[in-house]
Amino acid sequence: MTEFRRRVLSAVRRIPAGRVATYGDIAALAGKPRASRAVGNIMRNCREPGVPCHRVIAAGGLLGGYGGNLQIKRELLRAEGVEVGMGRVRGFERARWRPTPVRDNRRGSGRSRPPTAGRGSSRG
DNA sequence: CCGTTGACGTCGG
DNA sequence: ACCGACGCCAACG
């Protein structure tokens with residue numbers, strides 16, 4: 001059990017029913033906004049009880065994957081009130097879990113983009 | 001919107 | 001310990 005791992009599981013557990021979160025969000029909550037992949041891996045072997053890995057979807061509201069049982073994932077979400085379309089969540093932005101509701105005075109900004117380091121750095 | 005690219009972290013053989 | 005695969009994401013052209 002690594003620090004990252006437990007953080008991810010913890011973040012997923014924090015996802016309330018009727019809402020969804022993306023791998024990137026979970027990864028970010030875990031402290032690694034770039035470890036979205038790792039989150040997927042952790043979810044894959046999601047054997048931990050109480051971890052609603054079905055509430056974790058891909059970016060853009062895409063269901064993502066569920067060991068090929070996307071059907072199950074879809075039903076689970078729908079059972080919680082999350083409308084799911086053709087492999088995509090309806091009102092994804094609405095159902096997107098907001099651990100930090102940016103209900104600040106200013107609007108439009110506030111979302112700091114991660115320093116996508118590497119882009120054009122050393123390739124090959 | 002599509003294809004390509006760079007990066008993190010974990011699992012399985 | 002090494003390598004490939006993965007339920008991915010953001011950015012560029």
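First the proteins, then the strands, lettered A, B, ... as listed; each starts at 1.
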Quick one: the dot-bracket string of DNA chain C, using Watson-Crick and G-U wobble pairs with both distances under 3.5 Å, [ ] for crossing pairs and | for bases paired to another strand. .|||||..|||||
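- In this structure, CZ of A:Phe92 is placed 15 Å from P of C:dC8, rounded to the nearest angstrom.
- Here C:dG7 presents its P atom at 17 Å from CD1 of A:Ile72, a figure rounded to the nearest Å.
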Got a list of side-chain donor-acceptor pairs under 3.5 Å for residues 83-92 of chain A, not counting sequence neighbours?
none

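- Exactly one residue among A:Val39, A:Leu29, A:Ile26 makes a side-chain contact (heavy atoms from CB on, under 4.5 Å) with A:Val12. That residue is A:Ile26.
- To the nearest angstrom, P of C:dC8 lies 13 Å from CG of A:Leu63.
- Rounding to the nearest 0.5 Å gives a distance of 11.5 Å between CD1 of A:Ile42 and OH of A:Tyr23.
- Atom CE of A:Met1 and atom C1' of B:dC11 are 14 Å apart (whole Å).
- As a whole-Å value, the separation of A:Leu62 CG from B:dC2 P is 11 Å.
- Rounded to an integer number of Å, the gap from A:Tyr23 OH to B:dC11 P is 16 Å.
- Heavy-atom minimum distance, A:Ala30 versus A:Phe4: CB-CE1, 3.5 Å.
- With sequence neighbours left out, A:Arg5 forms a salt bridge (charged side-chain N to carboxylate O under 4.0 Å, His left out) with A:Glu48.
- Near-neighbour residues of DNA chain C inside residues 4-15 of chain A, defined by a heavy atom below 4.0 Å, are absent.
- Contacts between residues 35-45 of chain A and DNA chain C, defined by a heavy-atom separation below 4.0 Å, involve A:Ser36, A:Arg37, A:Asn41, A:Met43, A:Arg44, listed by number.
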Side-chain donor-acceptor pairs under 3.5 Å in residues 52-60 of chain A, sequence neighbours left out?
residue	atom	partner	partner atom	Å
A:His54	NE2	A:Glu80	OE2	2.9
A:Arg55	NE	A:Glu80	OE1	3.0
A:Arg55	NE	A:Glu80	OE2	3.0
A:Arg55	NH1	A:Ile15	O	2.5
A:Arg55	NH2	A:Glu80	OE2	2.9

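- When the P atom of C:dC9 is taken as reference, atom CG of A:Leu29 falls 14 Å away, rounded to whole Å.
- Pairing each heavy atom of A:Trp97 with each of A:Ala21, the nearest pair is CE3-CB, 4.2 Å.
- Closest of all the heavy-atom pairs between A:Ala27 and A:Ala35 is CB-C, 3.6 Å.
- Contact between the side-chain N/O atoms of A:Thr2 and the OP1/OP2 oxygens of B:dT10 is found at a separation under 4.0 Å.
- Remark: A:Ala28 pairs with A:Pro33 by the side chain to side chain contact (heavy atoms under 4.5 Å, CB included) rule, at least two apart or across chains.
- Applying the side chain to side chain donor-acceptor pair (under 3.5 Å) definition to pairs two or more places apart or across chains, those involving residues 58-72 of chain A are A:Gln71-A:Glu75.
- Listed by first and then second residue, the side chain to side chain donor-acceptor pair (under 3.5 Å) pairs that reach into residues 6-17 of chain A come to none, sequence neighbours excluded.
- Rounding to whole angstrom units, CD of residue A:Glu48 and P of B:dT10 are separated by 14 Å.
- Annotation: B:dC1 and C:dG13 have their C1' atoms spaced 13 Å apart (nearest Å).
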